Protein chains: 2
Amino acid sequence: MAVARRGAGRDGRPTLEQVAARAGVGRGTVSRVINGSPRVSDRTRAAVEQAIADLGYVPHQAARALAANRSNAIALVVPEAEGRLFSEPFFSGIIRGVSAELVDTDIQLLLTLIRAPRERARFAQYAASDRVDGVLLVSVHGDDPLPDQLAEMGLPVVMTGRRSEDEPVPYVDCDNVGGAQQAVEHLLGRGRSTVATISGPADMYAARCRLDGYREALRAAGKAADDELVARGDFTEESGYAAMRELLARRPTLDAVFCASDPMAMGARRALRELGRSVPGDVALVGFDDSALARHMDPPLTSVRQPTEGMGRAMTRALLQLINEGGQDRPHVLLPTELVRRASS
Amino acid sequence: MAVARRGAGRDGRPTLEQVAARAGVGRGTVSRVINGSPRVSDRTRAAVEQAIADLGYVPHQAARALAANRSNAIALVVPEAEGRLFSEPFFSGIIRGVSAELVDTDIQLLLTLIRAPRERARFAQYAASDRVDGVLLVSVHGDDPLPDQLAEMGLPVVMTGRRSEDEPVPYVDCDNVGGAQQAVEHLLGRGRSTVATISGPADMYAARCRLDGYREALRAAGKAADDELVARGDFTEESGYAAMRELLARRPTLDAVFCASDPMAMGARRALRELGRSVPGDVALVGFDDSALARHMDPPLTSVRQPTEGMGRAMTRALLQLINEGGQDRPHVLLPTELVRRASS
DNA sequence: ATCACGATTGGGAGCGCTCCCATACCATCG
DNA sequence: CGATGGTATGGGAGCGCTCCCAATCGTGAT
């Protein structure tokens with residue numbers, strides 16, 4: 001036993017040095033094998049790999065990080081104000097995607113919730129001090145300076161969603177315009193003639209995109225734009241309820257509504273019920289996000305699904321590329337959405 | 001510039017050594033200040049703190065980890081089979097709690113999803129190699145060997161939930177028995193006389209506890225146990241639907257049902273509607289978990305809420321204590337649940 | 001056979017920190 | 001007044017790895 005452990009690290013775990021000794025080579029060579037350097041002969045590589053297997057050697061992260069000056073970790077930052085996100089499939093999908101993309105690397109995922117502004121500052125400092133190789137930002141608000149701040153420090157950053165049309169920071173987004181368009185085309189295709197929309201806050205880029213998609217679909221179908229058919233919400237159920245009542249007051253004859261979020265669709269559904277309109281009989285309804293809510297509404301809600309897992313993967317790939325290639329290019333990825341048809345339309 | 005940077009780390013960030021130079025003390029002293037050692041005079045401490053502030057010094061994690069042989073990170077492990085968890089408030093609450101408890105430490109949270117068995121093995125190896133100081137396990141199955149495996153390696157571990165009555169691994173759980181009991185007492189208190197239950201899989205400890213709570217409440221109310229009023233589900237909506245039909249077939253006169261999960265309550269509600277029973281008029285319904293579902297059901301579902309955030313905090317505190325004190329004691333924490341009353345009962 | 005040059009390889013130096021021993025200093029005590 | 005026992009402090013050693021330069025070993029060209 002003592003022999004087997006000779007020269008072992010202080011936990012009794014084998015070190016590079018020991019692997020080298022066992023394989024009859026130098027430290028440098030083992031390091032090269034581990035890091036996949038091509039400058040190693042096949043014979044030597046095989047011997048080293050054998051020794052690694054024999055000893056059950058696992059490289060010591062902290063030592064690597066210190067020597068190589070990279071941390072082999074990336075942070076996933078979630079502003080917790082968006083607590084909402086957490087219980088939605090959105091966040092779940094993102095994590096799944098990120099995690100899936102990381103599984104074949106030896107990169108760690110650090111999860112950081114940011115509540116107070118104090119924590120934001122703290123994270124900025126933290127990120128600045130070499131502790132992560134890159135940052136994934138989820139659900140950034142339009143006026144959040146953090147992305148630029150991090151980017152200016154030279155830290156690779158990728159966000160989900162854009163803050164505006166000409167987002168300077170690399171991002172992965174879903175095709176909000178296309179999704180909305182698809183939803184409205186679907187409603188028109190089902191024979192609906194008067195399609196209204198309940199849109200999100202005008203200061204959120206995604207909300208504007210969804211509204212654009214709605215308008216584009218109507219235009220493509222040769223319908224005149226009609227602002228009477230557009231009501232504003234703020235993505236919440238309450239706002240959806242109010243908007244629906246407003247729309248019905250303005251245009252009692254409408255027969256379909258595209259809601260820019262599922263909770264708003266939920267609110268709209270409630271308003272419709274109260275006013276004696278059936279769904280989908282009198283009014284067809286489509287939501288956005290395909291949350292758990294949608295599946296459980298009565299009737300189940302047709303909704304636009306974001307490829308959340310794909311977005312998580314894409315973000316991660318983009319970030320790893322930034323880290324490894326340090327490229328000057330700012331990757332922008334746009335993923336397609338999918339309409340999930342249910343009984344509400 | 002060059003002067004300001006003299007002796008700086010390779011990223012231009014200040015090192016301990018520089019702080020020491022600026023404060024006019026030795027490395028060891030600065031280290032003591034940073035680590036809160038009492039063996040430093042107030043004068044010296046103040047000088048060092050000033051130098052740290054002046055330089056904006058932030059300790060280099062990897063270097064600390066290497067020298068001190070601790071990683072300053074804990075892992076939160078989630079078996080992704082429980083993908084379900086993700087979209088429930090449960091997971092969200094746990095993360096929030098863990099994160100809140102870590103915010104004043106410099107401990108990192110690593111998130112690890114485990115999908116395939118291969119990944120489980122990989123994680124075990126990973127965890128074994130010094131990369132985390134401890135592990136939080138969420139939602140472990142009754143037959144999962146991972147907790148014991150990790151514990152045997154001497155790695156501090158805390159789980160949510162128990163696998164059985166005499167769980168050997170430290171855990172934090174909510175009071176399932178008490179929660180169920182409270183729910184049933186509530187139903188009885190509302191004047192219901194024939195309270196049935198749809199319970200979870202018999203091989204899950206939490207499900208057995210909830211059933212025990214149900215029975216205990218009836219017993220306390222002086223009601224005879226009646227197996228005809230107990231139906232098995234597997235926590236899914238479908239199983240709740242089937243169980244409800246079964247119960248009604250057996251006992252058409254029942255007037256209340258305690259469901260051991262919200263999705264089962266959802267299924268039960270559907271069955272009741274189909275069979276022309278009103279909720280809560282004919283049958284009162286109570287669920288468990290207080291998921292988003294509960295709030296959005298029609299009528300909104302009374303449900304037993306787990307203190308998820310509190311559980312996250314408790315797990316973290318327990319783990320940190322295990323890490324710091326290396327105690328031989330196996331902390332077991334049981335937190336109370338809360339009945340959230342809504343229109344369904 | 002000799003020389004140059006690329007492919008491999010070994011191992012020194014050093015990453016920034018903690019640990020701990022040796023030293024310096026100070027107040028108290030016999 | 002010197003011995004004694006603390007308390008502060010400085011700094012050497014070393015954590016396990018990567019980087020990189022120098023050394024070694026072929027191999028083909030001359």
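Each chain gets a letter, A, B and so on, in the order the sequences are listed, and its residues count up from 1. Values below: every heavy atom of this structure, side chains too, minus hydrogens, waters and symmetry copies. All figures in this text were calculated on a predicted structure; none of them were measured in a lab.
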- Item | Side-chain N or O of A:T29 closer than 4.0 Å to phosphate OP1/OP2 of C:dG10 | yes
Rounded to whole Å, the NE2-C1' distance (B:H60 to C:dT18) equals 15 Å
Check: Do A:Y126 and A:E119 have side-chain N/O donor and acceptor atoms under 3.5 Å apart?
Finding: no
With the side chain defined as heavy atoms from C-beta on, A:T15 is closest, among D:dC17, C:dT9, D:dT18, to D:dC17
In whole angstroms, the gap separating C1' of D:dC17 from CG of A:D106 amounts to 13 Å
Given salt bridge (charged side-chain N to carboxylate O under 4.0 Å, His left out), test A:R163 with A:D148 step by step and report yes or no.
CA-CA 11 Å; A:R163 289 166 299 172; A:D148 307 288; 2.9 Å; yes
Checklist entry - Is it true that the side chains of B:R27 and B:S31 contain a donor and an acceptor less than 3.5 Å apart? => result no
From the list A:V172, A:L102, A:T105, A:I107, side chain to side chain contact (heavy atoms under 4.5 Å, CB included) partner of A:T316 resolves to A:L102
Taken to the nearest whole Å, CZ/A:R70 to P/C:dG16 is 16 Å
Walk me through whether B:R64 and B:N69 qualify under side-chain hydrogen bond (donor to acceptor under 3.5 Å, both in side chains).
CA-CA 8 Å; B:R64 295 184 95 172; B:N69 199 29; over 6 Å; no
- Item | D:dT18 OP1/OP2 closer than 4.0 Å to side-chain N/O of A:N35 | yes
Whole-Å distance, A:N69 CG to D:dC20 C1', equals 16 Å
Item checked: OP1 or OP2 of C:dT18 under 4.0 Å from side-chain N/O of B:S31 -> yes
_With a 4.5 Å cut-off on side-chain heavy atoms, are A:I114 and A:F123 touching?_
yes
DNA chain D nearest-nucleotide lookup for A:I34 and B:G26: closer to the 5′ end is B:G26
To the nearest 10 degrees, the angle between the two end axes of the helix from C:dA1-D:dT30 to C:dG30-D:dC1 (five pairs per end) comes to 50°
For nucleotides 22-28 of chain C, 5' to 3', base contacts (B), sugar-phosphate-only contacts (S) and non-contacts (-) with protein non-hydrogen atoms under 4.0 Å give -------
Between CD of A:Q18 and C1' of D:dC17 the distance, given in whole Å, is 14 Å
Side-chain contact check for A:R27: nearest option of D:dG10, C:dG12, C:dC17 is C:dG12
Side-chain atoms of B:A63 come closest, of D:dC17, C:dC17, D:dA8, to C:dC17
Q. With distance as the sole criterion, is a donor-acceptor pair present between the side chains of B:S164 and B:D166 under 3.5 Å?
A. yes
note: B:E17, atom CD; D:dT9, atom P; distance rounded to Å ~ 17 Å
Rounded to whole Å, CD of B:Q61 lies from C1' of C:dT18 at a distance of 13 Å
Check: Do A:V58 and B:R131 come close enough that some side-chain heavy atom pair is under 4.5 Å?
Finding: yes
Winner on side-chain proximity to A:A68, out of C:dA7, D:dC19, C:dG14, is D:dC19
Here the distance between atom P of D:dT18 and atom CG of B:L66, to the nearest Å, is 12 Å
Rounded to the nearest 0.5 angstrom, the NE2-CE distance for B:H332 and B:M159 is 9.0 Å
Of C:dA7, D:dC17, C:dG16, the nucleotide closest to the side chain of A:R39 is C:dA7
Among D:dT9, D:dC17, C:dT9, the one nearest any side-chain atom of A:T44 is C:dT9
Donor-acceptor pair between B:T29 and B:R45 side chains, under 3.5 angstrom:
no
Does the C:dG10 base have a donor-acceptor partner in the side chain of A:R32 within less than 3.5 Å? yes
